[in-house]
Protein chains: 2
Amino acid sequence: MKKDKNPGREKILLAAQKEFAARGFAGARMEAIARSAGCNKAMLFYYFSSKEGLYQTILKEVMGEFFTKIRAILTPDLAPAALMEKFPELYIQLFAGHPEFVRIVAFDLIHDPDNLCGIMAGIISQMTEFGPHPLFERIRSWHEQGLISEPDPLHFMMNIVALSIFSFIGKPMVEAISGTRVASDEEFYRRRVASVVNVLKRGMLK
Amino acid sequence: MKKDKNPGREKILLAAQKEFAARGFAGARMEAIARSAGCNKAMLFYYFSSKEGLYQTILKEVMGEFFTKIRAILTPDLAPAALMEKFPELYIQLFAGHPEFVRIVAFDLIHDPDNLCGIMAGIISQMTEFGPHPLFERIRSWHEQGLISEPDPLHFMMNIVALSIFSFIGKPMVEAISGTRVASDEEFYRRRVASVVNVLKRGMLK
DNA sequence: TGTTATATTAACCATATGGTTAAACCAAAT
DNA sequence: ATTTGGTTTAACCATATGGTTAATATAACA
């Protein structure tokens, strides 16, 4: 698509991303987005026709960028250990750079799982390089070859995604429980990746 | 507190729990809660004075029940392996029985981390049986004794909580990615617990 | 029965909010 | 200079929604 063109439109998308991330769909205010984007509220409707339209646009964009990067990892010769290293690394790094992503995705996932899942299914259906469910089939074969301990690809992936994504949702929670605050975010995420990769490899690699 | 007394009040809390879980704070409608509870909207304000009041009441109640059960696990003689087994088991079982809990907690955690964390800190501060930060100190000592591989208690706990809680938030997501649906929820959660416990023990136990 | 404290409701109210519209602005093309 | 097409705005609109109130029902109790 035309990227840097329409700077107004881009600014709106940026502002909307922040607003939706902070307040969720229902809590987001069109006027707040407009103000934050430095334009009139009507512009939002001019470009995106409705709140829902704006929201879905962002969701697709976010998910698109996300899946594009994920796909880059999934090379045909991918080994289990590499997946367990690269996935959390990419995931945590990507989300650390775009904190809004996690929150938007999480908000939507909680509120209306089917919506996001539909979008994801759509994106995935275009990634047909390796057949219908390439990743899951490959994971299954890893187990058949005795490379990994978890027999079910669903749980295998859930373990990887859970450890990666929770770094963001759960950070404040665990901080509150422990009564501590992490000193620097960078340091925290570096150690987070190390811990996750370590647990995954020791935990699921045979 | 007076438990079964005030059946009207209880019905409102029940209905509100569902509504907040489904739509989050901003998306929840007072009238929808009233209708669902079979009473007039004014009753909500009569008992809870405001939407915020109703919400906070539920949050405290949910978190209270939650932490009470968590605390029951944390016996003074708790061993690392037992924690890794009992925590996911309890967590997943508790949340499977009360799907609203996860969603409410997650919604709130995403939208306003400080709020929930404040409540949690308050509850925790009453659990002073073992000193100020009993759990985290004990985890640290486990590592010093060479029992576990993860040196940082924060990451140790995050790994446990992440794997447990994500079972609910992420289930639909991973289902969508895989293109499959779990047959029975009970079977799914049983296998989920097994997988989580396995990864944790293999991954972090020395 | 009359009194009282608690529950419960219908009817309102003020405001916030998503969405619309008609007019104006502006840059490029003619 | 005029047209033209996209862009931008101020002023509105209809409705939804959190919250209030005053009146009424209900049950306990004296």
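Order of the sequence lines sets the chain letters (A, B, ...), proteins ahead of strands, with each chain counted from 1. Computed from a prediction, not measured in an experiment: that's the story for all the values here.
- Formation of a donor-acceptor pair under 3.5 Å by the R23(A) side chain with backbone atoms of K18(A) is not found in this model.
- Straight-line distance from the CG atom of N40(A) to the P atom of dA10(D): 6 Å, rounded to whole Å.
- Distance CD (E52(B)) to C1' (dT17(D)): 16 Å, rounded to an integer number of Å.
- Distance from the side chain of C39(B) is smallest for dT9(C) among the nucleotides dT9(D), dT9(C), dT8(D).
- A salt bridge is absent between R190(B) and E186(B): the closest approach of a Lys/Arg side-chain nitrogen to an acidic carboxylate oxygen does not fall below 4.0 angstrom.
- Taking atom CZ on R35(A) and atom P on dT8(D), their separation rounds to 19 Å, with Å as the unit.
- Within 4.0 Å (heavy atoms only), A28(B) reaches sugar-phosphate atoms of the nucleic acid but no base atom.
- Atom-to-atom, OH of Y46(A) to P of dG5(D) comes out at 13 Å; the value is rounded to the nearest Å.
- Across the protein-nucleic acid pair, M43(B) atom CE and dT21(D) atom C1' stand 15 Å apart, rounded to whole Å.
- One side chain, N159(B) or S195(A), offers a donor N or O that lies under 3.5 Å from an acceptor on the other.
- If you measure from atom CZ of F45(B) to atom C1' of dA11(C), you get 15 Å, rounded to the nearest angstrom.
- Comparing atom distances between the R29(B) side chain and each of dG18(C), dA7(C), dG18(D) picks out dG18(D) as nearest.
- Straight-line distance from the CD1 atom of I12(A) to the C1' atom of dT9(D): 13 Å, rounded to whole Å.
- The base of dG19(C) is not paired with the side chain of K51(A) by any donor and acceptor separated by under 3.5 Å.
- In this structure, OH of Y47(A) is placed 20 Å from P of dG18(C), rounded to the nearest angstrom.
- Looking at the side chain of K41(B), the nearest of the listed nucleotides dA7(C), dG19(D), dT7(D) is dG19(D).
- Side-chain atoms of H155(B) and R192(A) include a donor-acceptor pair closer than 3.5 Å.
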